[in-house]
Number of protein chains: 2
Amino acid sequence: MSTRATTRPGGRSARVQQSVHQAVRELEAELGRDALTVPLIAARAGVTPSTVYRRWGDLRELLSDVAVERLRPDTPPADHGSLRADLEAWTVQFAEEMSSTAGRTYIRDALVGDPEQGNAARCSDYAAEQLKALGVRAAGRGEAVPDVETLLDVVVAPLMYRILFRPSDLSAAYTDHLVATALGRTAPLSPPKS
Amino acid sequence: MSTRATTRPGGRSARVQQSVHQAVRELEAELGRDALTVPLIAARAGVTPSTVYRRWGDLRELLSDVAVERLRPDTPPADHGSLRADLEAWTVQFAEEMSSTAGRTYIRDALVGDPEQGNAARCSDYAAEQLKALGVRAAGRGEAVPDVETLLDVVVAPLMYRILFRPSDLSAAYTDHLVATALGRTAPLSPPKS
DNA sequence: CCGCCAGACGCAACTTCTTCGCGTTAAGCT
DNA sequence: AGCTTAACGCGAAGAAGTTGCGTCTGGCGG
């Protein structure tokens with residue numbers, strides 16, 4: 001967990017955390033996220049509400065923790081033989097996952113639930129790790145690889161900005177444009193809108 | 001307001017909205033944002049809590065509306081004689097305001113309070129308007145101006161991404177780097193962290 | 001200018017959530 | 001195995017959120 005220092009990671013505490021997280025996922029699937037309440041989750045998890053309040057503080061922090069887990073990539077990025085192909089595929093998948101209704105909700109939950117922003121930083125670390133893996137693989141092929149910081153600035157940040165602040169358009173042409181820019185503007189496509 | 005269609009913009013409704021917004025600002029300054037509750041705000045505004053709930057739905061949406069108002073730029077960007085100087089000054093000010101504790105709180109409130117994301121879009125529109133004004137002025141001087149979309153991608157998005165997801169570093173060197181990149185990489189400064 | 005209509009508000013009762021103190025359980029450690 | 005203490009369960013008290021109904025007022029047509 002992130003919002004509190006877990007001093008006792010084993011035994012009952014771990015079981016409680018797991019059952020509560022599972023209860024959140026189940027109830028979210030059954031009733032929708034807006035219907036979630038702490039007493040409801042606690043009942044499903046077989047726990048008293050006060051336990052949830054004491055461990056997580058409030059519903060937002062709990063949802064933030066669960067959201068970060070769901071945003072964690074489960075597999076390393078696919079290998080398509082070249083940095084460009086790998087980065088394009090990763091960007092498309094990233095954009096699709098994050099711009100979906102569920103993805104946007106998870107991002108916003110992760111962002112807002114943690115006062116210390118540790119969960120938000122974790123989201124960024126996930127993307128950085130994936131990009132790092134792409135870079136290492138490309139370097140192994142002898143390709144020149146852009147800095148991870150640069151990729152975050154040029155690819156991830158614009159995508160996230162649009163997802164969070166401009167719910168309108170995330171076309172494939174736009175993601176292609178971002179990747180092309182990141183790889184040294186080999187494709188001179190101008191920004192899509194104007 | 002954004003979250004509901006205001007069918008009666010005049011008279012009592014307008015007074016209620018104004019007094020509620022003012023109560024939020026006052027109580028936030030006096031007690032801190034975490035101490036705000038709907039009954040408290042309603043009492044200060046001279047209104048019953050049910051009125052607030054009916055008009056705004058819940059505390060988050062109300063805070064979202066207030067946050068957007070506070071994020072609205074009150075003055076057009078200052079004129080420093082050249083696009084580069086204007087953009088640098090604007091970016092520095094933008095970064096300072098948005099990365100402050102209060103600024104981050106307003107951004108997150110604006111982001112999360114409105115299910116339709118209309119308030120988030122408004123934030124982006126504010127930045128776009130400012131950048132547009134810069135561009136128009138530069139064009140009047142005969143300067144070549146980058147597209148507003150490009151500026152959002154290259155300057156605003158990376159700043160916002162760092163503010164939201166990476167609470168660590170927002171150095172002056174970094175903002176300079178972003179502006180230089182936007183204006184055709186006249187300054188070959190590499191990203192700060194690498 | 002007057003009266004009608006409808007949206008918005010106040011009030012109050014009700015439900016649900018949230019907090020807190022206290023006793024109990026069980027992990028971790030020696 | 002015994003001790004210490006963080007973590008949990010329970011229950012009560014307080015606060016927040018919800019809803020129905022009557023009243024008020026701004027907007028609109030006559």
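Just so we're on the same page: letters track the sequence lines, and every chain starts at 1. Just so it is clear, the model here is predicted, and its values are computed rather than measured.
Residue Thr48(A) places its side chain closer to dC10(D) than to any other of dC10(D), dG10(C), dC9(C).
Note that CG of Leu59(A) is 11.0 Å distant from OG of Ser64(A), once rounded to the nearest 0.5 Å.
If you take CG of Leu59(A) and P of dA16(D), they are 17 Å apart, rounded to a whole angstrom. Protein atom OH of Tyr53(B) is 18 Å distant from nucleotide atom P of dA12(C), rounded to whole Å. Atom CZ of Arg15(B) and atom C1' of dG26(D) are 10 Å apart (whole Å). For Leu40(A) and dC17(C), the CG to P distance is 8 Å, given to the nearest whole Å. Counting to the nearest Å, the P atom of dG17(D) and the CZ atom of Arg60(B) are 12 Å from each other. Rounded to whole angstrom, the span from the CD atom of Glu61(B) across to the P atom of dG17(D) amounts to 13 Å. For the pair Trp56(B) CH2 and dC9(C) C1', the interatomic distance rounds to 12 Å; values are reported in whole Å. Between the P atom of dT19(D) and the CG atom of Asp58(B) lies a distance of 13 Å, rounded to the nearest Å.
Proximity of Thr51(A) to the phosphate of dG9(D): a side-chain N or O atom is located under 4.0 Å from OP1 or OP2.
A salt bridge does not link Arg122(B) to Glu69(B): none of the charged nitrogens lies less than 4.0 Å from a carboxylate oxygen. Between Asp79(B) and Arg141(B), at least one side-chain N (NZ, or NE/NH1/NH2) sits under 4.0 Å from a carboxylate O, which counts as a salt bridge. Under 4.0 Å is where a charged nitrogen must lie from a carboxylate oxygen, and between Arg166(B) and Asp125(A) no such pair does. Using a 4.0 Å cut-off between charged nitrogen and carboxylate oxygen, Arg70(B) and Glu28(B) count as a salt-bridge pair. One finds no salt bridge joining Glu30(A) and Arg25(A) here, because no Lys/Arg side-chain nitrogen approaches an Asp/Glu carboxylate oxygen to under 4.0 Å. Electrostatic pairing of Asp109(B) and Arg33(B) counts as a salt bridge here, judged by a charged N lying under 4.0 Å from a carboxylate O. Classification of Arg137(B) and Asp86(B) as a salt-bridged pair holds, one side-chain N sitting under 4.0 Å from a carboxylate O.
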Pick out the pairs of N or O atoms, protein on one side and nucleotides 21-25 of chain C on the other, that lie under 3.5 Å.
unit_1: dG21(C); atom_1: O6; unit_2: Arg54(A); atom_2: NH2; d: 3.0
unit_1: dT25(C); atom_1: O2; unit_2: Arg12(A); atom_2: NH2; d: 3.3

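More than 12 heavy atoms of other residues, nucleotides or ligands sit less than 6.0 Å from atom CD of Glu26(B).
Both Val38(A) and Val47(B) sit near DNA chain C, but only Val47(B) has its closest nucleotide nearer the 5' end.
Of the residues in residues 23-35 of chain A, none has a non-hydrogen atom less than 4.0 angstrom from any atom of DNA chain D.
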